[in-house]
Structure formats: structure tokens, C-alpha cells
Amino acid sequence: MTDINESYLYKLFKKSEEAESVYTIGTTVDTGLEWQAVDECKEKVDTTLHVVKERGKIYFNIRLDQFSKVKEMRSIDNIFLVSDVRQFNFSEDDGETDLMLLKNAIEKDLRLEKGLEAWKAMTGFRGKLYPKQEEFKDADKLLKAEKNQPPEDAVVGDVRKRRKRGRDPSLSSEEDILKYRVTCERTGSHAFESGQVARVIGGELQDKYFWLVDLTMYHLEVICNLVQNELATCLRITHESKHRRNIIHFGPTTLRATVCYNLLRLANPKPGDIIIDPMCGGGSIPIEAAIAFPDTYVLCGDNHEKAVARTKLNIDAQSINHKTELITWSVAKLPLKDSYVDIVVTDMPFGKRSGSMTDNRVLYKRYITELARVAKLGTGRLVLLTYDRRSIQMASGLNFHKIFVILETH
Ligand SMILES: C[S@@+](CC[C@H](N)C(=O)[O-])C[C@H]1O[C@@H](n2cnc3c(N)ncnc32)[C@H](O)[C@@H]1O
């Protein structure tokens, strides 16, 4: 294995392996907004942190006592602990041999104990990480009998509705034997399927640790991230994505809270700033602004009465005591003085689920002219989210300071 093949993640993980109490953390972030997550990570966890940025992910090493800071981050969706990174010499045309290579490596020297102890501390799992074989056999029989019963609608429905991953490990009891599933995410050309990798690794882990397989109500999801010849074995920490916060009443175009936060960060809010979202839909941007930047003054509105009503319900459902003004208005004619607003962050109607592409050419011009009028001369910042980049460029005739391409925002 030459140095040239070692990925940044591989090198980062090797550093964490050398130190007893250092762990590699990975987080997912909306593609296109990774730099916001890198900046927030340094700001909240440690300014000197070395952060590895990949498409849709960031990685960094922390001590266990820094984990509470990672949990506070608002730019990221899911958190996982990287427990092993290794490279393979796959044949690329002989699937059986390649799977055997994986199996032997896992059997021989995959040691997840350091990661598992940290996972337990980070998730609050209270059950048994290392059950005895007899305990496993009894629990496995019980679980199989349970699985043969028709599912209780309430439980299945509840999990689907909230789209949680498995179950909350902190709600386990001391008697619970760890339930797990293995998921394989694969990039590159291989002579085997992702499902085969998951089965091989899942089987080896069961032989090693006597855990119970449960594909839906698991405590631990082991994610095997195979990129070309490099396998990163990760333990999921968050059983629910961090973008699911703030909003209770959803609309057709509700924006993820993590995206709202990252858009707001792009505008660099300062204490005392006036922030507006003139097309607020159900209020996801103003609510995130009020929570994440409590020293600002937040104003929002929409021209659709249902959207205004939804925003009001969502604001009223918050426990914070931050005043957010909500007004029914049209962005084409805002009831605001010239040069009044420090920051405009808004999610434009874009013609997919709201607005129409043809309208955009005309409307965007009118809207941007009005936003330019209310924005503070010289220092005002405008962060506009749209799928219709062409219309916005044509309408404004401007070359935007920065254009970020973001995927999967709603
Ligand atoms: C993409 S949605 C915003 C979604 C919002 N960010 C959320 O998470 O719920 C665009 C919104 O712009 C509003 N809108 C369209 N034209 C408008 C106008 N002239 N003035 C104010 N709001 C307008 C629509 O009613 C819609 O709620």
C-alpha cells in the first residue's frame, strides 16, 4: 500500500487510532454547503481542528468530551463514528474472491471495541454490548418468535411517520442485548453487490459479538462505506437526522432546518442585524434564524394566507421567547423603508412545486429590485435559494457574488 493511495479519511483515522481517547467523527451535510459545516465545526468544536471535506460529508477527530459540541452543530444532518478504515486489493472481476477477502479481514482483525465504547457513551445505550453466547441464543429465539407475530400497526406507523433510523439507543434497558443492522453504501466498480457486503460483514459481526439482527428496530446501524478499494466502517450516532427540528406544520416546500441554517450562515448575521424572509412559506428560515441567531431581529411574510397561517402555527409551537414579526405581504411591494434590512434570506418560488419557470423571468426581476431597495446600501446581504439559476441571472442582470449548487434541500 503506497502513501499515494491513502485517502484523507484514511490518514485522519490512522491519527485517531494512535491516540487512546481520540475518535474520528463523520457527519453528513447537504451537498454544496460543506464549507458552512467546516466553518461551524471549527467555530463550535475547536478552531485548530483539521476537517476533511468530501462531497456531502465532513470528517474530523475529537476527544470524547468534545462530542457535546458536535451535537450542538446546526449545519449537519447525521453524525457517525468512524470505527475502522482499511484498504483492499480487490480483483474487480471475481466477486467471490473479493467477498472472501472482506470476510477474512473482518474475521481476523476488525476490532470495533474502541468505537463501540465511544458509541455507547455518545448515544446513551444502556444495554449489553458484549452479551454471552447463551444470552444471545435465548434472545434470538424470542426475537424470531416476535417477528413472526403480525406487526402492531401503532409501532410500525409511528416509526414510518417520524422517519427515525431504528430506535433511540438511550431508551434501552440494562437487560437489552444490542440489536443491529449493517448497511453498505458503495461507490466505484466492484464484482459484488452492496447487499452481499452487508450480509458478509453482518455475519462476521454476529459471530464476533453475539448481537441480534433487527433490520427495523435496531439500536446500532453499522454503515460500511465502500469507496473503490477503501472500506470505512461507521457506527451511526444520530437515530434521527438533525434537520428534523423546529417545524411541526409542514407545507409542500418546507425547507430542511439544516439548509436554513447554512443559508443564514452565508449571510454572516451579527448581533442587532435585521433579517427578513419575504417569502417564508411555513416559516422554516425565520424560525431557524430566531433560534440560531437570537441577537437579531427577524421579520417574515408571505402573500399566501395558508402559508402565513402555517408560519404562525410553527412560530407559536416554539419554546423560545424570540420575537419574530409575521406579516401578510407581497415581496413585490414590501412595507419597509429604503435601506432598512441587513440580511434577506429567502427560498424563491421556483416552478417545481411552487411558482412557474415562465413567471420567474418576470417576477424574479420585480422581486430582486424590491429586495435591493430595502437592503442596506453597501452592507446589505442577499441569500436567495432557487432551482432556477438561469432566470435569476437573467432577471437581475447581475453576476452574483457567490453561487452555490445545493442538492436535496426539501
Ligand atoms: C419555496 S416556497 C418557500 C418555502 C419556505 N422556505 C418553507 O420552508 O416553508 C416559496 C413561497 O413564496 C411565496 N410567494 C410567492 N410569490 C410571493 C410574493 N409575491 N410575495 C410573497 N410571497 C410569495 C409562496 O406563497 C411560497 O410560500
Side-chain angles (χ1 to χ4, degrees), residues 30 32-33 74-75 77 241-267 269 275-293 298-318 324-336 341 343-375 382-392 395-396 404 406-410:
D30 284 284
L33 291 167
R74 304 188 74 87
S75 59
D77 286 318
S241 170
K242 283 164 66 65
H243 79 261
R244 291 183 193 285
R245 56 178 188 248
N246 307 345
I247 300 301
I248 286 157
H249 303 276
F250 290 84
T253 54
T254 301
L255 203 59
R256 296 152 75 103
T258 41
V259 175
C260 297
Y261 177 77
N262 286 324
L263 295 178
L264 286 156
R265 264 194 85 93
L266 285 169
I275 303 178
I276 70 163
D277 177 357
M279 294 178 273
C280 68
S284 48
I285 294 172
I287 291 171
E288 181 63 19
I291 297 171
F293 304 98
V298 182
L299 205 60
C300 63
D302 201 287
N303 69 347
H304 199 297
E305 63 186 53
K306 277 194 183 156
V308 174
R310 208 173 332 112
T311 300
K312 178 157 173 28
L313 288 172
N314 281 323
I315 291 176
D316 290 348
Q318 305 303 312
T324 306
E325 295 286 347
L326 171 64
I327 304 165
T328 303
W329 65 23
S330 169
V331 63
K333 197 169 188 310
L334 293 169
L336 301 172
V341 170
I343 293 172
V344 178
V345 179
T346 201
D347 173 14
M348 313 278 284
F350 43 74
K352 251 189 176 175
R353 274 180 279 186
S354 133
S356 97
M357 290 281 194
T358 346
D359 287 351
N360 288 353
R361 304 276 149 92
V362 182
L363 294 179
Y364 278 14
K365 189 174 182 100
R366 206 181 298 157
Y367 297 171
I368 291 169
T369 308
E370 180 65 352
L371 293 176
R373 178 186 71 76
V374 298
L382 219 63
V383 177
L384 308 176
L385 178 68
T386 180
Y387 278 72
D388 192 0
R389 197 199 307 193
R390 213 173 137 67
S391 288
I392 211 159
S396 65
F404 294 81
I406 307 168
L407 304 172
E408 292 285 337
T409 48
H410 290 92

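Only heavy atoms go into these numbers, but all of them, side chains included; no hydrogens, no water, no symmetry mates. Whatever order the structure lists ligands and atoms in, that order sets their numbers, starting from 1.
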Open item on the list: Could you check whether any side-chain heavy atom of Val345 comes within less than 4.5 Å of a side-chain heavy atom of Asp277, counting everything from C-beta outward?
Closed with: no

Task: Per-atom contacts, ligand 1 versus Pro278 - under 4.0 Å to a heavy atom - done: 21 (C), 22 (N)

TODO: State, yes or no, whether a side-chain contact exists between Trp329 and Asp302 at a heavy-atom distance under 4.5 Å.
DONE: no

Open item on the list: I need the contact type for Met348 against ligand 1. Using non-hydrogen atoms and a strict under-4.0 Å cut-off, is it side chain, backbone, both or neither?
Closed with: backbone

TODO: Look only at interatomic distance and state if Ala307 has a nitrogen or oxygen under 3.5 Å from any nitrogen or oxygen of ligand 1.
DONE: no

Open item on the list: Does any part of the side chain of Thr324, heavy atoms only, come nearer than 4.5 Å to the side chain of Cys300, both counted from C-beta?
Closed with: yes

Open item on the list: Any heavy-atom pair between the side chains of Leu255 and Leu385 that's under 4.5 Å?
Closed with: yes

TODO: Please indicate whether any nitrogen or oxygen in Ile285 is less than 3.5 Å from any nitrogen or oxygen in ligand 1.
DONE: no

Open item on the list: I want to know if ligand 1 touches Ser284 in the polar sense, i.e. an N/O pair below 3.5 angstrom.
Closed with: yes

TODO: Using a 4.5 Å cut-off on heavy atoms from C-beta on, say whether the side chain of Leu334 contacts that of Pro278.
DONE: yes

- [ ] Let me see the working for Arg256 and Asp77 under salt bridge (Lys or Arg N to Asp or Glu O under 4.0 Å), right down to the final yes or no.
- [x] CA-CA 9 Å; Arg256 296 152 75 103; Asp77 286 318; 2.9 Å; yes

Task: Per-atom contacts of ligand 1 with Thr254, taking only distances under 4.0 Å to non-hydrogen atoms - done: 7 (C), 8 (O), 9 (O)

Task: Within reach of ligand 1, part of Cys260 (heavy-atom separation under 4.0 Å) - done: neither

Open item on the list: Need the ligand 1 atom indices (1-based, order shown) with element for anything under 4.0 Å from a heavy-atom of His304.
Closed with: 25 (O)

Open item on the list: Applying a heavy-atom cut-off of 4.0 Å, say which part of Ala332 lies close to ligand 1: side chain, backbone, both or neither.
Closed with: neither

Open item on the list: Using a 3.5 Å distance criterion without hydrogens, assess whether the side chain of Arg366 forms a donor-acceptor pair with backbone atoms of Lys333.
Closed with: no

Task: Reference residue Ile276; test side chain to side chain contact (heavy atoms under 4.5 Å, CB included); the match among Ile285, Leu299, Ile327, Val331 - done: Leu299

Open item on the list: Any heavy-atom pair between the side chains of Phe293 and Val298 that's under 4.5 Å?
Closed with: no

Open item on the list: Would Pro349 count as a contact residue for ligand 1, given that I'm defining contact as a non-hydrogen atom of the residue lying under 4.0 Å from a ligand atom?
Closed with: yes

TODO: Any atoms of ligand 1 less than 4.0 Å from a non-hydrogen atom of Tyr367? List them with their elements.
DONE: 16 (N), 17 (C), 18 (C), 19 (N)

Open item on the list: I'd like to check the side chain to side chain donor-acceptor pair (under 3.5 Å) partners of Gln318; sequence neighbours left out, ordered by chain and number.
Closed with: none

- [ ] Could you tell me which atoms of ligand 1, counted from 1 in the order shown, lie closer than 4.0 angstrom to a heavy atom of Gly282?
- [x] 7 (C), 9 (O)

Task: Atoms of ligand 1, numbered as shown, that sit under 4.0 Å from any heavy atom of Leu255 - done: 7 (C), 8 (O)

Open item on the list: Does ligand 1 come near enough to Asp302 that some N or O of the ligand is less than 3.5 Å from an N or O of the residue?
Closed with: yes

TODO: State the atoms of ligand 1, each with its element, that fall below the 4.0 Å cut-off from a heavy-atom position in Trp329.
DONE: 20 (N), 21 (C)

Open item on the list: Any nitrogen or oxygen of Ser330 lying under 3.5 Å from a nitrogen or oxygen in ligand 1? Just yes or no.
Closed with: yes

